[in-house]
Amino acid sequence: QVQLVESGGGLVQAGGSLRLSCTVSGRTFTNHMAWFRQTPGNEREFVAKISASGGMTSYADSVKGRFTISRDNAKNTGYLQMNSLKPEDTAVYYCAQDPNRYSSSPSNYKYWGQGTQVTVSS
């Protein structure tokens, strides 16, 4: 039974930084991992993904050059380093994992965390 828990969200001013963490329990193998975000009235949006081994990463155009996804499989933890934050980055951020798909679509992910709120003020 896989459980994902996000942490590290908070309130920051535009231009600031946050690092989100995603801790994983319940599995002995590594899954592909992605971060998504969602704001009220909008669909869940792809942010970044990383393959199970960490060898491949991909980012949404809106965050390229500002966000970095990484993972430490020995700690069963994934990260999203967010720099140069903008008010438009304000959202609930979700960690997701799937054993089979390295995907940018939320519909392809089997396991989800509860989300962590990121608020960027002007």
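One-based numbering along the sequence shown. Computed from a prediction, not measured in an experiment: that's the story for all the values here. Only this structure's heavy atoms are used, side chains among them; waters, hydrogens and symmetry mates stay out.
Ala91 approaches Thr39 most closely through the heavy-atom pair CB-CG2, 3.6 Å. Summarising the geometry of Tyr93 relative to Leu80, their closest heavy-atom pair is CD2-CD2, 4.1 Å, with the distance given to 0.1 Å. Summarising the geometry of Ser21 relative to Thr77, their closest heavy-atom pair is CB-CG2, 4.3 Å, with the distance given to 0.1 Å. Here the shortest heavy-atom pairing between Ala14 and Pro87 reads CB-CD, 4.1 Å. Gln97 and Arg71 get closest at one heavy-atom pair: NE2-NH2, 4.1 Å.
Leu20 is not listed as a side-chain neighbour of Tyr94, based on a closest heavy-atom distance of 4.5 Å or more. Inter-residue side-chain proximity for Gln38 and Pro106 is flagged as unmet; no heavy-atom pair is nearer than 4.5 Å. For the pair Arg44/Trp112, a side-chain contact is recorded, criterion being any heavy-atom separation below 4.5 Å from C-beta on. At least one side-chain heavy atom of Asp72 sits less than 4.5 Å from a side-chain heavy atom of Tyr79. Looking only at side-chain heavy atoms (C-beta outward), Met82 and Val63 stay at 4.5 Å or farther from each other.
Using a 4.5 Å cut-off between side-chain heavy atoms of Ile, Leu, Val, Met, Phe, Trp and Tyr, with links allowed through other members, Leu85 and Ile69 fall into the same hydrophobic cluster. Linking ILVMFWY residues whenever their side-chain heavy atoms come closer than 4.5 Å, directly or via other members, leaves Trp35 and Leu4 in distinct clusters. Under the 4.5 Å side-chain heavy-atom criterion for Ile, Leu, Val, Met, Phe, Trp and Tyr, Leu18 and Met33 are members of the same hydrophobic cluster. Linking ILVMFWY side-chain heavy atoms closer than 4.5 Å, directly or via other members, places Tyr109 and Ile50 in two distinct hydrophobic clusters.
Inspection of the Lys49 and Ser103 side chains reveals no N or O donor paired with an N or O acceptor under 3.5 Å.
At distances below 3.5 Å, at least one donor-acceptor pair connects side-chain atoms of Tyr102 with backbone N or O atoms of Thr57. A donor-acceptor pair is defined here as one N or O able to donate and one able to accept, closer than 3.5 Å; such a pair exists between the side chain of Asp98 and the backbone of Lys110. Side chain of Arg101 to backbone of His32: no donor-acceptor contact under 3.5 angstrom is found. Glu6 places a side-chain N or O within 3.5 Å of a backbone atom of Cys95 that can act as its donor or acceptor partner. Remark: side-chain polar atoms of Asn108 are not paired, donor with acceptor, to backbone N or O of Asn100 under 3.5 angstrom. Using modelled atom types, one side-chain atom of Thr90 and one backbone atom of Val120 make a donor-acceptor pair closer than 3.5 Å. With hydrogens and angles disregarded, no donor-acceptor distance shorter than 3.5 Å links the side chain of Gln81 to the backbone of Arg19.
Relative ring orientation between Phe46 and Phe36 is described as perpendicular, the plane-to-plane angle rising above 60° on a 0-90° scale split at 30° and 60°.
For Arg66, the CZ atom sits in a packed shell: over 12 heavy atoms of surrounding residues, nucleotides or ligands are nearer than 6.0 Å. By the 6.0 Å contact criterion, CD on Gln117 is enclosed, its count of non-hydrogen atoms from other residues, nucleotides or ligands being greater than 12.
Salt bridge status for Lys86 with Asp89: absent, with no side-chain N to carboxylate O gap under 4.0 Å.
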